[in-house]
Amino acid sequence: MNLEAQTLELVAADGTVGQCYPVSTALNGAGEQDGSGCTPRGEHYIRARIGGNAPLNTVFIARRPTGECYSPDLARAHPQRDWILTRILWLCGREWGVNRGPGVDTFRRFIYIHGTPDTEPMGVARSHGCIRMRNHDIAELFEQVEPGMRVIIQ
């Protein structure tokens, strides 16, 4: 994950780059502190995959599907929501004191790679700390990754 370029690259075990996806990371920039609204840097892994059989645009709150499907009408009815859609890849830090442990824990900060409304821009930092992706892209990525897979955010 390249914060400056706002891209996520899927890299094979042999180091070759496969897919490259546009993303949107934190409006507040990079950082690891609890409550910062920043995207944490460093080495992470995928702790959990959520939403595997959900339709595109399924709405999640607290990692559970709400039974709703995102639409402009739903967005107008709930303008305060930070939309988490389609799939969730929940990240966990690997570096104690950097992105894991008291005050800096990526997992406890609920940092995800997740879908967002397709009206939201990619390539522009706008999230509250998570990594946002187009719904089609997160669904495609979801099928190519497994729990435990390494994720580098720099």
Which residue is it: Val23, Thr39, Ile131? I am looking for the one with a side-chain contact (heavy atoms from CB on, under 4.5 Å) to Leu3. Thr39
For Val124, the side chain to side chain contact (heavy atoms under 4.5 Å, CB included) test, sequence neighbours excluded, returns Pro121, Arg126
Non-neighbouring partners of Asn135 that pass side chain to side chain contact (heavy atoms under 4.5 Å, CB included), sequence neighbours left out: Leu56, Asn57, Leu85, Thr86, Asp118
Without swapping roles, check the side chain of [X] against the backbone of [Y] for a donor-acceptor pair under 3.5 Å.
| X | Y | value |
| --- | --- | --- |
| Gln154 | Arg41 | no |
| Asn28 | Ser36 | yes |
| Thr66 | Ile61 | no |
| Arg94 | Val151 | no |

Tell me every residue that passes side-chain hydrogen bond (donor to acceptor under 3.5 Å, both in side chains) with Thr25, counting only those two or more places apart in sequence or in another chain. Gln6
Go through the structure and list residues passing side-chain hydrogen bond (donor to acceptor under 3.5 Å, both in side chains) with His128, not counting sequence neighbours. Asp82
Do any pairs count as a salt bridge (charged side-chain N to carboxylate O under 4.0 Å, His left out) and have a residue in [range], sequence neighbours left out, and if so which ones?
| range | value |
| --- | --- |
| residues 50-68 | Glu68-Arg81 |
| residues 144-154 | Glu43-Arg150 |
| residues 45-59 | none |
| residues 70-80 | Asp73-Arg76 |

Contact list for residues 32-75, test ring-ring contact (aromatic ring centres under 6.0 Å, His included), sequence neighbours left out: Tyr70-Trp83
Applied to residues 15-43, the ring-ring contact (aromatic ring centres under 6.0 Å, His included) test, sequence neighbours excluded, yields none
Compare all side-chain heavy atoms of Val104 with those of Gln33 and state whether any distance is below 4.5 angstrom. yes
Can Tyr112 be reached from Phe142 by stepping across I, L, V, M, F, W or Y side chains whose heavy atoms are under 4.5 Å apart? no
Can you give the donor-acceptor pairs under 3.5 Å from side chains of residues 7-14 to other protein atoms, not counting sequence neighbours?
from	atom 1	to	atom 2	distance (Å)
Asp14	OD1	Thr16	N	2.9
Asp14	OD1	Thr16	OG1	2.7

Rounded at 0.5 Å granularity, tell me how far CD1 in Ile84 sits from OG1 in Thr116. 9.0 Å
